[in-house]
Amino acid sequence: MNFDFSDDQKLLKEQVRKFLADKCPTKVVRRVLDGNETHAEDVWKGLVDLGVPALGIPEEYGGMGLSPLEVCVAAEEIGRAAAPVPFDSSVVLATEALKLAGSDAQKKKWLPELASGKAIGTMAIAEGAQPPKPRNIRTTFGGGRLNGRKLPVTDGEAATFAIVLANTGGSGDRAVSLVLVDLTQKAVAKKRIETIDPARKHAELTFSDASAELLGGEGEGWRLLERLYDAAAVYFAFAQVGGAEAAMWMARDYALQRQAFGRAIGSYQAIKHKLADCYVKLELARSNAYYGAMMLTEDGADLPLAAAAARIAATDAYDFAAKENIQTHGGIGFTWEADTQFHYRRSRLMALSLGGPMAWKDKLVTRLEQKNAA
Amino acid sequence: MNFDFSDDQKLLKEQVRKFLADKCPTKVVRRVLDGNETHAEDVWKGLVDLGVPALGIPEEYGGMGLSPLEVCVAAEEIGRAAAPVPFDSSVVLATEALKLAGSDAQKKKWLPELASGKAIGTMAIAEGAQPPKPRNIRTTFGGGRLNGRKLPVTDGEAATFAIVLANTGGSGDRAVSLVLVDLTQKAVAKKRIETIDPARKHAELTFSDASAELLGGEGEGWRLLERLYDAAAVYFAFAQVGGAEAAMWMARDYALQRQAFGRAIGSYQAIKHKLADCYVKLELARSNAYYGAMMLTEDGADLPLAAAAARIAATDAYDFAAKENIQTHGGIGFTWEADTQFHYRRSRLMALSLGGPMAWKDKLVTRLEQKNAA
Amino acid sequence: MDFNDTPEEAAFRKEVRTWLDANATRKSDDKQSFRARNDDPELLKKAKEWQDKKATAGYARLTWPKEFGGRGASPILQVIYQQEEANYLVPLGFFDIGLGMCIPTMMAYATPEQLKRYVKPALHGKEVWCQLFSEPAAGSDVAGIRTKAERDGDDWIINGQKVWTSGAHYCDFGIVITRTDPNVPKHAGLTMFFLDMKSPGVEVRPIKQMSGGANFNEVFFTDVRIPDSQRLGKVGEGWKAALTTLMNERLAVGLPSGGLDIDELMELARETELDDGAAIRNQQVRSKIADWYVQQQGLKLTRYRTLTALSKGQTPGPESSIIKIVAAPKMQDMGAFAMELMGHAGIMKEDVPFAAGFQAQWIGGAGFRIAGGTDEILRNIVAERVLGLPADIRVDKDIPFNKLTRS
Amino acid sequence: MDFNDTPEEAAFRKEVRTWLDANATRKSDDKQSFRARNDDPELLKKAKEWQDKKATAGYARLTWPKEFGGRGASPILQVIYQQEEANYLVPLGFFDIGLGMCIPTMMAYATPEQLKRYVKPALHGKEVWCQLFSEPAAGSDVAGIRTKAERDGDDWIINGQKVWTSGAHYCDFGIVITRTDPNVPKHAGLTMFFLDMKSPGVEVRPIKQMSGGANFNEVFFTDVRIPDSQRLGKVGEGWKAALTTLMNERLAVGLPSGGLDIDELMELARETELDDGAAIRNQQVRSKIADWYVQQQGLKLTRYRTLTALSKGQTPGPESSIIKIVAAPKMQDMGAFAMELMGHAGIMKEDVPFAAGFQAQWIGGAGFRIAGGTDEILRNIVAERVLGLPADIRVDKDIPFNKLTRS
């Protein structure tokens, strides 16, 4: 039985953690939240220097060729720090999409740039109000030209390229394809949009006959997206676990220090049991996330099920920890000055950006039915 | 604003309450639970003497001609005592069914007997494993003859007649009709069945060419059942509110008296907040039940919605109070000797016997949609 | 059972409506309102005018004795007035604390001359009052305050900091609780005063909330001088005075209104397409709608039970203590759930129908679970006052305040 | 990451399998089991035979030192043995308390002669031990016990009552905690002994549970005489000894096995027709299945994390403390929900597929939330030991036991 990370992986985790504790304290999150930067460039540069974007990229494409486990430990630390950097967009989604569906040429072109930090990638799926489905994507791709409007796009401003879900004219689930588009061209307009988590900037991207190319087969978009989201769900789960743990300890530290009626509020069962519940949810999430990581690493048949379970548990743990962290802080926790808001905002952003728990629960049961039928 | 019971109704309530506190303490519930009686005949006789079964029956049929509000206050007290008497089956379901759908002849025959306690009625809807629907009822009625098997039937042994849901050959929702059958005839076989709440006896009824007659129009069974269940939901909600309140105070009294670590367990927030939550659910249930009673009394357009809300809130309150009553008692609360089990068993029986909360939540939203569309 | 007015109530309601029709504009829909924003002097001016008009007509505080401009009326008439007023486009919310908490405390402790001087201007909206109780280290535990008042001849010198003071920057007067003796246990060393908010040494700073709003303030006192004649109650009996104030606060706490609720959630669910059709057809969505509907109705009907008691001239039962315990988490959870229905777009503040509204519920709910008594404190109150369970062990009961451990 | 054995573990597992194949019958499915029922002497006899066989082969307590019949092995080998044994149809459960809690306490306090006398017969199932701690007035608060032991020459005389004693009626020996000095604070006046359960004055009565089962007993002591040589630890240091025992209990608490779970719930949902089709297609049902699956998997995988630490020779982290907090309410709630799916028929004990099983979960869950540490006590433990939050205020800390208020 070896259901744990290796010593090397733990060392890497410690490195990323120390770097972020040092260079990305909460005042950096606040700087981005309150300011105009697209992301914390200083922190991002440091992470690039540490090799974080390169971890999961094969050596032949300029990466470090490490396993998903190394990306997972980095994700947990990014989540813990609520770091305002394009990790989820670029290191997770764009990198994994290229690895999953990119042609050799596409990989050769973009993966080394991602590894070296020269490029930032993102994905552009949603088109405003309605949750995206194969039948409601209005962005179109044909004859090498992309047209349409995507929003919200995480790191849309900072990104140099995007992977876009576009209608390519097929029917049913095959109506859509993934399309790779360089965002530095003139035919792409970027506009910042306001969201609930200003520490992670989002944009609206408008494509007007933008030059683009298929990523993966035509009509394969939805199938690829599902596979991609399974991998992303695991990495996101680690980030959520990191965030949940940070929020839990923040609440605990405050509960130890804050006095009411002559004793620390952390000595009252209402607070103790609330934080015990945080811990319970956190451990359920961590264990499910570990299994997701293991399945991702060995490309196991259980990946879809494990990814859904990790996603559900981690979303629940982060939601709960983030909101009860504010509650434990009382009035001060609801001020703009308080650091509690970072995790409250981030937890909801992360809960929504790959589809919410309700959709994942449905997926989980579908996969359980398939497994039982097999 | 007069959203409360009248002084007369409160007086009646107090009467029933005092009678039950006196004649139906928990040892009577235990006697029926552990014994062979179909119900507590002594208690039932006393309730008949008090006029409880006659309350809602029109004077022309030998009843007291009072409003649903009087039946509601009685229901609350029956629920509080977890009384092992055929109230839900006879006073609520059978009586209401006759009032709703009975011909004048049927009413003349049975209502006076119900009012005087000479007859006990019940309803026989379920046929074992699958929740009943118009399309899966296998009991048939035709040519005045009833054939089939019904289980579980509350008070099936004690009842002198039953109102049975039977297939009469129509299509869709019109496949079924309500049928009134005298249970004293030979063509009816009764067999006691074991359930989770032995304080309320249940039976399997088998009809072999039993003589019977329609109650209400042919093919009207499902529609009538829905209306009947709305009224029953309100009365049940009062009984559930009574039970929930009893369980809450039982837990509270124990929490005041039981010491751990040198003080009453009721001084610990884990117990205090649990019981505060009981109270919150109880008050939500009570308020929704009141509105149900008001709609029932004025035959208001909001009855279906109010009934569903009352049912959902009361089921939740009773479930929670009954289970946390055991938990508050600790080990002693899980023994056969403890009185905690009566409400735990009864709460689940009442939650299931008109269809569970999931089904009622769906109904509630359907009715809300209809109301909004109107 | 019915929801009807008694004849007396109906007559009063008619009178109120006639007066309101003559003096204000009816709302075209019930979501419309003047928002009470701290930073809008124009709105305050309008509110003062409306308050004056109302007071002149005798509607400002119906339950107050006639000598103070009230009608000595039953609380139900006050409720009826408010129900009717809510249908008109008038600026509200600036005087609730002053008239609901501060002036009643004044009535209990101030001299007849002081009442003569202060009640009428407050009632007519000429002068606005605030309540200065909470401190950074004294939230749920109000008696833990540290703001000092030291005797100096006929005056007191105040030093310290208050927090969460609504409207401090536009208020004219305030009631303030201070510690006058740190050598006795904490409840024993408190004294209450009222003061002119324009006194030298009073500094008001707005607090920016997580929601972006700034409805509250910090108030700093540096050597603020208050004459002893502005003391309310005896020296060392400030806690008793504070309880008078807080008891009035509890009566005032109601439901937040105007936010999105079931109707909007259902509309959103009808318009949102999930994988297998409209979200409103999804049983998980329906189950949540049903739960919240039952809560919403439950609270509304619970309020009717309270009003019934008032209407009958009885003291309401404890049932209204459940309101915030239910309403605040519902607000937070429904907001979060509605955002989930929108998918990734649920994070966008603009361009998505209902998004901003439900985001406001999700953020505001987090604050509402804390303001005016946290979820935890309210459960304590229900357990102790309604169910008669023992209070928490008080380790600070007999210890001099200056010997207690500090946060 | 992998779930594989190390080479040493694999070799051991193979050895165990070979031995089990030669000595026991493999189960045909994993729901099959001997139920440990108190009232079946035949089963106890078989269990004793199996225990003897196992002990003779050296598998009974692998972690014990060789001198006591163990192998001085790493805990992971003990786990592997149990994992493998669970696949065979052998009677288990009678010796867990004796070997898991009582004998380890003996090892810490008994004389070498006593160990020589008692350990081997216990290991081989010749003598069964029980633990006599809980009392009617001392549940969560074990140190609140009142059973008296009074010195009488070289003996002690025991009077009082214990409760929740598993297997008392078939046990040969027991360890018992008593109060020897009521004049000192409660933790200070306790002393531990072991005793022969056949001693005059010991009376055992079964407790009927809400579930109908009777796995526990009350034990009454009337002038039971115990020689001082059977004292475990010093007079007045019984709490220290009890902590040794309870620490071992905590390691032993695991998941209840053999009950219905997700698989059966899904089968039920497939076979149940709701108004709009099979229940498994209902999103509300799916959402519950998903939540419980995530919990079930989470607990299983958390256990793997603990085993990994054991396998690496490390001390496991605190993660296993979550198991019962999650498993017990899940058992109760899933049982209730499954019954709901069946409609009115969910109350029937027979004739309805899965009904009896889920009813047992619904009832058993209520007990499981209490037994071996209530939900509330376990949350306290997590909060204090894992998160480092302060313990509850102990008002009884310095007060002599006989001056405390009584339940």
Side-chain angles (χ1 to χ4, degrees), chain A residues 125-133 135-136 151-154 193-197 200 202 204 257-265 267-268 270-271 274 319 323 326-338 340-341 344-345 348-349 351-359 361-363, chain C residues 134 136-141 143-144 163-164 186 207-212 216 271-276 282 284-285 332 336-337 339-353 355 359 362-363 366-367 369-371 374-376 379-380 392 394-397 399 404-407:
Chain A
I125 309 298
E127 299 183 354
Q130 293 288 344
K133 285 166 290 292
R135 64 179 178 276
N136 72 359
L151 72 171
V153 181
T154 313
I193 57 181
E194 299 302 312
T195 76
I196 54 161
D197 184 7
R200 298 287 291 115
H202 285 74
E204 170 186 320
Q257 164 242 312
R258 172 78 180 179
Q259 305 264 323
F261 308 106
R263 51 184 171 120
I265 61 168
S267 70
Y268 292 96
I271 300 295
K274 185 196 290 303
D319 264 4
K323 79 179 183 180
I326 296 177
Q327 183 69 16
T328 302
H329 277 72
I332 193 78
F334 192 64
T335 60
W336 193 263
E337 278 173 70
T340 48
Q341 62 169 312
Y344 193 57
R345 296 175 183 284
R348 198 96 282 261
L349 169 62
L352 301 186
S353 53
L354 290 181
M358 200 167 58
K361 286 177 189 178
D362 184 39
K363 277 195 208 184
Chain C
S134 294
S140 296
D141 179 13
V163 78
W164 305 119
K186 69 180 185 184
I207 300 170
K208 186 172 174 190
Q209 291 163 253
M210 187 180 296
S211 55
F216 301 99
E271 287 169 12
T272 302
E273 283 287 317
L274 301 181
D275 284 354
D276 48 358
N282 180 301
Q284 169 73 344
V285 175
Q332 186 176 34
F337 183 73
M339 288 163 72
E340 182 184 339
L341 283 186
M342 304 169 194
H344 198 173
I347 67 167
M348 292 167 56
K349 291 203 166 176
E350 288 166 12
D351 288 339
V352 179
Q359 289 161 7
W362 165 70
I363 295 248
R369 283 179 61 198
I370 295 165
T374 62
D375 288 2
E376 291 77 19
R379 282 189 171 78
N380 266 0
D392 266 309
R394 282 292 179 85
V395 292
D396 57 356
K397 223 169 52 180
I399 303 172
L404 294 175
T405 336
R406 298 290 175 87
S407 291

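By convention in this document, chain letters (A, B, ...) are assigned in the order of the sequence lines, proteins followed by strands, and residues within each chain are numbered from 1.
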| So, do A:Q130 and C:M342 sit near enough that their side-chain heavy atoms are less than 4.5 Å apart? | no

| field | Heavy-atom closest contact (C:L341 atom, A:P131 atom, distance) | value | O-CG, 3.3 Å

| request: Check whether any side-chain heavy atom of A:E194 lies under 4.5 Å from a side-chain heavy atom of C:M348, and answer yes or no. | output: no

| By a 4.5 Å heavy-atom criterion (distance strictly below it), what part of A:R135 contacts chain C: side chain, backbone, both, or neither? | side chain

| query | With chain C, which of A:G355, A:G128, A:G331 has the greatest number of heavy-atom pairs at distances under 4.5 Å? | reply | A:G331

| request: Decide yes or no for C:I370 and A:H329: does some side-chain heavy atom of the first lie under 4.5 Å from some side-chain heavy atom of the second? | output: no

| said: In the structure I gave you, are the side-chain heavy atoms of C:E350 and A:I193 within less than 4.5 Å of one another anywhere? | reply: no

| said: Surrounding NZ of C:K208 (heavy atoms of other residues, nucleotides or ligands, distance under 6.0 Å), is the total greater than 12? | reply: yes

| query | So which of C:D351, C:V352, C:D392, C:I399 has the largest heavy-atom pair count under 4.5 angstrom toward chain A? | reply | C:D392

| task | Mind ranking C:G346, C:G343, C:A355 by heavy-atom pairs under 4.5 Å with chain A and telling me who comes out on top? | result | C:G343

| task | Among the options A:A129, A:G356, A:A264, A:P132, pick out the one with the most heavy-atom pairs lying under 4.5 Å from chain C. | result | A:A129

| said: Contact between C:I347 and A:H202 at the side-chain level, heavy atoms closer than 4.5 Å - yes or no? | reply: yes

| task | Starting from the C-alpha separation in whole Å, work towards a yes-or-no answer on side chain to side chain contact (heavy atoms under 4.5 Å, CB included) for A:T335 and C:W164. | result | CA-CA 10 Å; A:T335 60; C:W164 305 119; 3.3 Å; yes

| field | Which portion of A:Y344 sits near chain C, non-hydrogen atoms under 4.5 angstrom | value | both

| A:K274: partners by side chain to side chain donor-acceptor pair (under 3.5 Å), with sequence neighbours left out | A:E324, C:E376

| field | Residue part contacting chain C, namely of A:L151, when any heavy atom lies under 4.5 Å | value | both

| note | Scanning both residues in full, the closest heavy-atom pair of C:Q284 with A:M358 reads CG-SD, 3.4 Å

| message | Using heavy-atom distances under 4.5 Å, tell me whether C:D375 contacts chain A through its side chain, its backbone, both, or neither. | response | both

| Where on C:A143 is there a heavy atom nearer than 4.5 Å to chain A: the side chain, the backbone, both, or neither? | neither

| What is the minimum heavy-atom distance between A:S353 and C:H344, and which atoms define it? | CB-NE2, 3.6 Å

| query | Are any of the side-chain heavy atoms of C:I207 and A:F334 separated by less than 4.5 Å? | reply | no

| request: Go through the steps to decide whether C:M339 and A:I196 satisfy the test side chain to side chain contact (heavy atoms under 4.5 Å, CB included), and finish with yes or no. | output: CA-CA 11 Å; C:M339 288 163 72; A:I196 54 161; 3.6 Å; yes

| remark: On a heavy-atom basis, the closest approach of C:Q209 and A:W336 is O-CE3, 3.3 Å

| query | Can you find a pair of side-chain heavy atoms, one from A:I332 and one from C:P136, that are under 4.5 Å apart? | reply | no

| remark: If you tally heavy-atom pairs under 4.5 Å between each of C:G139, C:S140, C:G144 and chain A, the highest tally belongs to C:S140

| said: Is A:A351 close to chain C through its backbone or its side chain, or both, or neither, when contacts mean heavy atoms under 4.5 Å? | reply: neither

| said: How close do A:F261 and C:D141 get, counting heavy atoms only, and between which atoms? | reply: N-OD2, 2.6 Å

| query | Minimum heavy-atom separation for C:A366 to A:Q327, with atom names? | reply | O-OE1, 4.4 Å

| remark: Turns out that what part of A:I326 lies under 4.5 Å from chain C's heavy atoms comes down to both

| Who wins among C:N282, C:T272, C:N380 for the most heavy-atom pairs under 4.5 Å with chain A? | C:T272

| For C:D396, all residues meeting side chain to side chain donor-acceptor pair (under 3.5 Å), sequence neighbours excluded | C:K186

| remark: Honestly, the part of C:S211 sitting under 4.5 Å from a heavy atom of chain A is both

| chain C: which of A:K133, A:R345, A:Q341, A:K361 shares the most heavy-atom pairs with it under 4.5 Å? | A:K133

| field | Student check: side-chain heavy atoms of A:L352 and C:E340 closer than 4.5 Å | value | yes

